[in-house]
Asks: 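First, the structure itself, so that you have it in front of you.
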Amino acid sequence: MIFEYNFRNYNFRLILYMVALSILGVLVIRSATNMDESMVNRQIFGVVIGLTAAIGLSLLDYHRILSMGWLVYAGCLVLLAAVFLWGNNVNNAKRWIVLPGIGQIQPSEFVKIGLIVFFSWYFMKYQEKLNQPSTVAAAAALFAVPAYLVYAQPNLSTSLVMVVIVAGIVFASGISYRWIAGTLAVVIPVGATFIYLLMNGMIPFIKEYQAGRILAWINPEKYEQSYYQQANSITAIGSGQLTGKGLYNTTIASVKNGNFLSEEQTDFIFAVIGEELGFVGCMIVIILFLLIVYECLLTAARAKDLGGRLICAGMATLIAFQGFANIAVATGVFPNTGLPLPFISFGSSSLISIFLGMGVVLNVGLQREKRH
């Protein structure tokens with residue numbers, strides 16, 4: 001099967017963009033962790049494993065992966081159930097499990113990729129019945145189970161990412177605009193009601209610390225303590241000016257060196273990029289993300305079937321939204337969510353899972369339609 005591919009269709013540009021972001025991530029993590037070699041080596045290991053897996057998957061016919069849709073879905077549920085049964089409790093949250101010989105992983109990161117595969121298969125299989133209420137209701141029920149298991153960890157931010165991913169897949173599937181309009185007619189008033197209840201002290205369905213982050217974003221002056229990290233992040237980015245203070249700088253006038261940021265190697269890594277590499281470094285990162293999303297959407301447009309198109313659309317949605325959300329948190333545009341920056345933030349689970357998804361996208365590109 002491998003030698004039947006036309007390797008002139010292989011998207012080496014996509015590989016180049018991913019490697020560039022990953023190398024930049026390793027360099028910035030080394031600075032953010034004060035040259036903690038153990039963390040740097042773990043990130044390098046994650047890049048090597050992820051890139052190798054991506055290249056391997058790029059040579060495997062994506063139709064074989066789609067044909068295992070139900071198995072992939074079942075695997076997602078097993079991983080999420082394992083978190084509740086054997087997960088490590090860190091800061092009153094169960095999000096990680098330890099696998100023998102592998103170490104600690106965060107299953108929800110792999111579940112995001114699993115849901116992209118499953119719903120790509122689902123909407124391809126039922127594309128003739130796409131607008132029937134039974135098809136939409138079944139999809140909603142199938143999504144609700146893993147989404148609730150992630151939300152209950154608790155992990156509100158990742159469950160919201162899952163909502164956006166599946167919404168992107170549904171939109172790309174060609175569903176009727178009547179369904180889209182109907183959904184918006186429900187979501188907008190519900191969202192407005194949620195914010196009203198939140199601002200009046202009636203916290204609906206979320207933890208107190210999650211409500212605090214949202215309230216601090218809405219009214220930073222009133223909830224100054226909860227907004228502290230984001231305020232420092234904005235200061236760090238602004239202080240980098242055009243070209244930054246340089247990687248590994250030891251200046252006292254540094255937000256990072258003064259320990260004014262927490263989780264700077266993950267949640268607020270964009271603040272480190274802004275401070276040390278400046279506006280130029282920030283723009284390079286943003287442009288690389290835009291190029292990856294563009295290549296995913298271009299591959300989707302050229303895919304030879306709906307399943308391939310939805311896989312690419314799902315990965316484009318994941319990278320675009322999660323990348324935007326991380327940067328938006330660091331710049332105060334979004335409330336603090338705790339989402340990693342794809343390819344850059346420290347964390348093997350996020351890194352490897354993104355590479356796995358991109359490996360499937362590369363195979364879709366290898367089998368694209370011929371253009372005359």
Asks: For Ala236, does its backbone N or O pair with a side-chain atom of Ser239 as donor and acceptor, under 3.5 Å?
Replies: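 Pair found, side chain donor or acceptor close to backbone of Ala236.
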
Asks: Taking atom CZ of Phe84 as the centre, report whether more than 12 heavy atoms of other residues, nucleotides or ligands fall under 6.0 Å from it.
Replies: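 Enclosed: over 12 neighbouring heavy atoms sit under 6.0 Å from CZ of Phe84.
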
Asks: Could you give the distance from OH (Tyr228) to CG (Asn336), rounded to the nearest 0.5 Å?
Replies: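 Answer rounded to 0.5 Å: 14.0 Å.
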
Asks: Looking at Ser233, is its backbone amide N or carbonyl O close enough to the side chain of Glu275 to form a donor-acceptor pair, meaning the two atoms are under 3.5 Å apart?
Replies: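 No; judged by distance alone, with no hydrogens or angles, the pair does not exist.
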
Asks: Taking all non-hydrogen atoms of both residues, which atom of Leu356 and which atom of Ala53 are closest, and how far apart?
Replies: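 Reported closest heavy-atom pair: CD2-CB, 3.5 Å.
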
Asks: Any chain of hydrophobic side-chain contacts (each under 4.5 Å) joining Trp86 to Leu77?
Replies: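 No.
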
Asks: Please find the pair of heavy atoms, one from Leu130 and one from Gly174, that lie closest to each other, and give the distance.
Replies: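 Heavy atoms of Leu130 and Gly174 come nearest at CD2-C, 3.8 Å.
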
Asks: Can you confirm whether Phe118 sits close enough to Leu142 that some side-chain heavy atom of one is under 4.5 Å from a side-chain heavy atom of the other?
Replies: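 In short, these two side chains touch, coming nearer than 4.5 Å.
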
Asks: To the closest 0.5 Å, what do you measure between OG1 (Thr299) and CG (Leu366)?
Replies: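 One gets 10.0 Å once the value is rounded to the nearest 0.5 Å.
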
Asks: For the residue pair Tyr62 and Gln367, what are the closest heavy atoms and their distance?
Replies: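 Looks like CD2-NE2, 3.6 Å.
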
Asks: I need the minimum non-hydrogen distance between Thr317 and Val164, along with the two atoms involved.
Replies: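 For Thr317 versus Val164, the nearest heavy atoms are CG2-O, 3.5 Å.
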
Asks: Taking the six-membered ring for Trp, are Tyr73 and Phe119 ring centroids under 6.0 Å apart?
Replies: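 No, the ring centres sit 6.0 Å or more apart.
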
Asks: Is it true that Tyr17 and Phe343 have ring centroids separated by less than 6.0 Å?
Replies: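 Tyr17 vs Phe343: aromatic centres not under 6.0 Å.
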
Asks: Less than 4.5 Å apart, side chain to side chain, heavy atoms only: is that true for Glu109 and Pro340?
Replies: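 Heavy-atom side-chain distance check passes, below 4.5 Å.
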
Asks: Under 3.5 Å, is there a donor on one side chain and an acceptor on the other for Ser134 and Lys129?
Replies: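 Side chains of Ser134 and Lys129: no pair found under 3.5 Å.
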
Asks: Ile44, Ile15: one ILVMFWY side-chain cluster at the under-4.5 Å cut-off?
Replies: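 The answer is yes; both residues are in one hydrophobic cluster.
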
Asks: Can you tell if the side chain of Asp267 reaches within under 4.5 Å of the side chain of Val329, non-hydrogen atoms only?
Replies: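 No, too far: nothing below the 4.5 Å cut-off.
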
Asks: Any heavy-atom pair between the side chains of Pro342 and Phe289 that's under 4.5 Å?
Replies: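 Phe289 reaches Pro342 side chain to side chain.
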
Asks: I'd like to check Arg95 versus Thr158 (side-chain heavy atoms, cut-off strictly below 4.5 Å). Are they in contact?
Replies: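 A side-chain contact is absent here, since even the closest heavy-atom pair is not under 4.5 Å.
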
Asks: Without swapping roles, check the side chain of Gln43 against the backbone of Ser348 for a donor-acceptor pair under 3.5 Å.
Replies: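 Checked: no pair found.
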
Asks: What closest approach, in Å, do Phe123 and Ala139 show between heavy atoms, and which atom pair accounts for it?
Replies: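 Closest approach of Phe123 to Ala139: CZ-CB, 3.9 Å.
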
Asks: Which heavy atom in Ser58 sits nearest to a heavy atom in Asn363, and how many Å separate them?
Replies: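 In this case the closest contact between Ser58 and Asn363 is O-ND2, 2.9 Å.
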
Asks: Output the distance between atom CD (Gln265) and atom CG (Leu341), rounded to the nearest 0.5 Å.
Replies: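 Those atoms lie 13.0 Å apart.
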
Asks: Rounded to the nearest 0.5 Å, what's the gap from CE on Met18 to CD1 on Ile354? Could you check?
Replies: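 Rounded to the nearest 0.5 Å, the CE-CD1 separation comes to 10.5 Å.
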
Asks: Drop me the distance from Ser176's OG to Gln132's CD, to the nearest 0.5 angstrom.
Replies: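 That separation rounds to 12.5 Å.
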
Asks: Is it the case that one hydrophobic cluster holds both Phe268 and Ile234, taking links as side-chain heavy atoms less than 4.5 Å apart, direct or via other members?
Replies: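 Different clusters.
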
Asks: With a 4.5 Å heavy-atom cut-off, do Tyr5 and Tyr10 have their side chains touching?
Replies: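 Answer no - side chains too far apart.
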
Asks: Would Asn326 and Gln322 count as having a side-chain donor-acceptor pair, cut-off 3.5 Å?
Replies: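 The criterion, which ignores hydrogens and geometry beyond distance, is not satisfied for Gln322 and Asn326.
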
Asks: Please check if Val364 and Leu60 belong to a single hydrophobic cluster, counting links between Ile, Leu, Val, Met, Phe, Trp and Tyr side chain heavy atoms closer than 4.5 Å.
Replies: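 Yes, it is one cluster - the side chains of Val364 and Leu60 are joined through contacts under 4.5 Å.
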
Asks: Can you tell me how far CG of Leu66 sits from CD1 of Ile311, rounded to the nearest 0.5 angstrom?
Replies: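 One finds 4.0 Å between CD1 of Ile311 and CG of Leu66.
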
Asks: Please identify which of these residues, Arg368, Met358, Glu295, meets the side chain to side chain contact (heavy atoms under 4.5 Å, CB included) condition with Asn11.
Replies: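 Looking at Arg368, Met358, Glu295, the match for Asn11 under the side chain to side chain contact (heavy atoms under 4.5 Å, CB included) is Glu295.
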
Asks: Taking the side chain as every heavy atom from C-beta outward, state whether Met315 and Leu318 have any atom pair closer than 4.5 Å.
Replies: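 Contact flag for Met315/Leu318 side chains = yes.
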
Asks: Before giving the answer on side-chain contact (heavy atoms from CB on, under 4.5 Å), spell out for Ile165 and Leu115 the whole-Å C-alpha distance, their side-chain angles and the decisive distance to 0.1 Å.
Replies: CA-CA 9 Å; Ile165 290 170; Leu115 290 182; 5.8 Å; no

Asks: Is there a side-chain contact (heavy atoms from CB on, under 4.5 Å) between Ser31 and Glu276? Walk through the geometry before answering.
Replies: CA-CA 9 Å; Ser31 179; Glu276 302 197 338; 2.6 Å; yes

Asks: Would you sort out whether Ile49 and Phe355 count as a side-chain contact (heavy atoms from CB on, under 4.5 Å), showing the intermediate values?
Replies: CA-CA 9 Å; Ile49 294 298; Phe355 269 116; over 6 Å; no

Asks: Assigning hydrophobic clusters by single linkage (Ile, Leu, Val, Met, Phe, Trp, Tyr; side-chain heavy-atom cutoff under 4.5 Å), is Ile116 placed with Leu298?
Replies: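 No, separate clusters.
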
Asks: Counting C-beta onward and ignoring hydrogens, is there a side-chain heavy-atom pair between Leu80 and Gln153 closer than 4.5 Å?
Replies: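 In contact.
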
Asks: Just by distance, no angles: are the side chains of Thr33 and Asp36 close enough, under 3.5 Å, to form a donor-acceptor pair?
Replies: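 The answer is no; no qualifying pair exists.
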
Asks: Measure up the Tyr126 and Trp121 rings against each other and bin them: parallel (under 30°), tilted (30 to 60°), perpendicular (over 60°).
Replies: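 Perpendicular, since the angle between the ring planes exceeds 60°.
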
Asks: Before giving the answer on side-chain contact (heavy atoms from CB on, under 4.5 Å), spell out for Asn155 and Ser157 the whole-Å C-alpha distance, their side-chain angles and the decisive distance to 0.1 Å.
Replies: CA-CA 6 Å; Asn155 194 344; Ser157 57; 3.3 Å; yes

